[in-house]
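Scroll down for the structure; my scribbles are underneath it.
All ligand and atom numbering here is 1-based and tracks the order in the structure. The first residue of the sequence shown is numbered 1, and numbering continues consecutively from there.
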Amino acid sequence: MSTEARQRGPEAGIRRPPGPDGLPVIGNLHRFLRGQLTFIETCAREYGDVVYTNVGPIESYMVAHPEQIERVLVTEDDRFRKAEMGQGRLKPLFGDGLVVSDGEHWRRQRTRMQPAFRPDRIATYAEIMAEQAAAAATAWSPGETIRVDEEMRRITLSILVRSLFGTDLGDREAEIREAFEMVMARFEGVNMWLPGWVPTPANWRFRRGRKRIDEIVFDLIDERRDEAETRDDLLSALLLAEDERGERMSDEAVRDEVVTLLAAGHDTTALALTYALYLVGTSPDVGRKLRAELDAKLGEQVPTLSDVTELEYAEAVVSEALRLYPPTHATAREPVEDVTVDGYRIPADSTVFLPQWIAHRDERWWTDPETFRPDRWLDDANRPEYAYFPFGGGPRHCLGHRFATVEAQVVLATIASRWRLDPEIDDLSVRPVITLRPTEPVAMTVRER
Ligand code: HEM
């Protein structure tokens, strides 16, 4: 342990944080499984900002105060590593991609990949975003009921496939999308909890889908190595990416990052859009204001990157949807040494949850927190920075943050300037399954504006 770490370590006798007692061995696992969100809400209400949550074999703690969240993610990030939890399940797909890697490999890859997400590159992707959203919206007809959650997944996956590999993929575009959907089914419902070796149809489809993705991605890497300089897709940017020693990535590393981007980038943004469209649909006033802004700023045009900076209200709608329904409902870390948080001891190698779900709905930082009110983003409210962190924070903050916010605004603007969508479900209930997913299909009816 470094001298500095020792100095910052806990003093003797510091207490464990309060929390629900739980049963022998399983702790609070039964409560957690019954309803993860209700469980963490109860913990925050009854025990405060630092809670010993004690779930099953994992020694776990919840830290919900923005100042402490900032400490874990940003100011003292060297004392925490990314949590192991759930990473094992993702490894067979992501390999050593950015989301699951750590240490020196992660640092080199992050340095290499950062330039591919620079603002000037996002302009090209914004065209693809508007085109794909317009293609989907044009296919809808008035009176038709659509599954918004499925439609958004289709749109965001097409956007990512085209941004990654270019718009000239031909048949391979549909093939990648199909193979990727086969792979993702492994992370749905009960399949997620079954080990990879269990002979289930989902595991079999996972292996077949992954094999097909690998074949196509390695073929594309082969084709692109020579022409990367002249292309503006993300794959070409990754092929040219260098670390500080001027070294490029191996084919395997590029494959891992490509698949990581596909997985980390499409489901999350699809959820943000699903929630935004649902919330706009439940709030006629917000819908009217949004359409008025789109009419004034866009008219009949599809939005470009420079329009996005003008669409203040659309931006507020997206921020507010991400506040109420953050697709990443909690971020997890493990202390590499014993730490003291708010006067409580949290031991090395335990799991620390930083719950967006709680901080984003905390009455101390948000007036009327359960209400969807995009206008709150247009006032200059004074609140701690980490009361809102849908994209995480610190060195491991979301690499696709800018890509995702531009995408959400462009797709929302393209759809809302054409149609009004009315919810066909009474209530939106959600549950965390890696990401925060709706428990029921989100059906909405397409109406003339
Ligand atoms: C609304 C959409 C999105 C949300 C809410 C979201 C959220 C997050 C969060 C919270 C993290 C940090 C996790 C942690 O600290 O443990 C993260 C990391 C990451 N995200 Fe996103 N994300 C979104 C969209 C995207 C997109 C579009 C891409 C790529 C095209 C992307 C790529 C990544 C990558 C590669 C990482 C890992 C970064 C690293 O560890 O260095 N995300 N995301």
Side-chain angles (χ1 to χ4, degrees), residues 69-70 72-74 77 80-87 90 94-103 105-114 116-118 121-122 125-126 128-129 152-153 155-157 159-165 233-235 237-238 241 256-276 318-334 351-357 359-360 386 388-412 432 434-437:
I69 291 171
E70 184 169 10
V72 174
L73 291 178
V74 192
D77 73 288
F80 298 86
R81 64 175 165 256
K82 196 138 171 168
E84 264 299 314
M85 263 201 57
Q87 306 284 66
L90 299 175
F94 289 3
D96 274 329
L98 219 48
V99 166
V100 290
S101 65
D102 222 330
H105 180 75
W106 167 80
R107 204 193 47 73
R108 283 179 79 189
Q109 288 301 94
R110 180 88 195 196
T111 310
R112 282 174 166 141
M113 291 174 70
Q114 202 98 354
F117 288 87
R118 270 196 327 249
R121 294 198 72 103
I122 306 279
Y125 312 139
I128 297 172
M129 293 164 186
M152 293 308 117
R153 267 167 92 151
I155 295 175
T156 56
L157 186 54
I159 291 172
L160 214 45
V161 168
R162 289 177 155 239
S163 305
L164 269 165
F165 306 116
D233 50 74
L234 263 167
L235 174 60
L238 297 189
D256 288 353
E257 298 304 355
V258 161
V259 176
T260 294
L261 292 177
L262 275 174
H266 93 282
D267 184 44
T268 41
T269 320
L271 289 166
L273 275 160
T274 302
Y275 298 137
V318 170
S319 301
E320 182 68 346
L322 284 171
R323 180 185 72 80
L324 274 173
Y325 295 99
T328 305
H329 72 288
T331 299
R333 291 290 185 270
E334 287 170 4
T351 300
V352 176
F353 287 102
L354 312 169
Q356 280 91 345
W357 180 261
H360 288 193
Y386 279 81
Y388 180 73
F389 62 115
F391 295 101
R396 297 208 71 146
H397 74 271
C398 177
L399 181 71
H401 169 192
R402 202 175 291 116
F403 187 103
T405 41
V406 169
E407 180 177 6
Q409 283 179 60
V410 166
V411 175
L412 175 72
I434 304 185
T435 46
L436 189 69
R437 306 250 179 100

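- With atom 8 (C) of ligand 1 as the reference point, the heavy atom nearest to it among C398, A276, A404 is part of C398.
- The heavy atom nearest to atom 40 (O) of ligand 1, considering only H266, R396, R402, H401, is found in R396.
- Considering backbone and side-chain atoms alike, E407 places every N or O at 3.5 Å or more from each N or O of ligand 1.
- In terms of polar-atom proximity, defined here as any N/O pair under 3.5 Å, T328 makes no such contact with ligand 1.
- With no hydrogens or angles considered, no side-chain donor-acceptor pair links S101 and Q109 at under 3.5 Å.
- At a threshold of 4.5 Å between non-hydrogen side-chain atoms, the residues K82 and V99 count as touching.
- M152 contributes atom CE, which lies 9.5 Å from atom CD1 of I159 (distance to the nearest 0.5 angstrom).
- Per-residue contacts place P390 under 4.0 angstrom from the following atoms of ligand 1 (heavy atoms of the residue considered): 5 (C), 7 (C), 10 (C).
- Protein heavy atom in closest approach to atom 38 (C) of ligand 1: R110 NH1, 3.3 Å.
- Looking at R333, K82, Q114, H397, it is R333 that brings a heavy atom closest to atom 15 (O) of ligand 1.
- When the heavy atoms of Y125, F391, W106, F389 are ranked by distance to atom 11 (C) of ligand 1, first place goes to F391.
- Taking atom 36 (C) of ligand 1 as the reference point, the nearest protein heavy-atom neighbour is V99 CG2, 3.7 Å.
- For the pair T331 and ligand 1, the shortest N or O to N or O distance does not fall below 3.5 Å.
- In terms of protein heavy-atom proximity, atom 26 (C) of ligand 1 is nearest to G265 CA, 3.4 Å.
- Residues L234 and Y125 meet the side-chain proximity criterion, which asks for heavy atoms closer than 4.5 Å.
- Between D267 and L271 the shortest side-chain heavy-atom distance falls below 4.5 Å.
- With a 4.5 Å cut-off on side-chain heavy atoms, H329 and Q356 do not count as touching.
- The closest heavy-atom contact to atom 28 (C) of ligand 1, among the options G392, G400, G97, comes from G400.
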Where do D102 and R107 land on the salt bridge (Lys or Arg N to Asp or Glu O under 4.0 Å) test, with the steps shown first?
CA-CA 7 Å; D102 222 330; R107 204 193 47 73; over 6 Å; no
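- Nearest heavy atoms, P327 versus L322: CD-CD2, 3.5 Å.
- Considering V100, T268, T405, V318 only, the shortest heavy-atom separation from atom 2 (C) of ligand 1 involves T268.
- Ring geometry for H397 against H401 counts as perpendicular: the plane angle is over 60°, on a 0 to 90° scale with 30° as the lower cut.
- Close contacts between ligand 1 and F403 involve ligand atoms 27 (C) [criterion: under 4.0 Å to a heavy atom].
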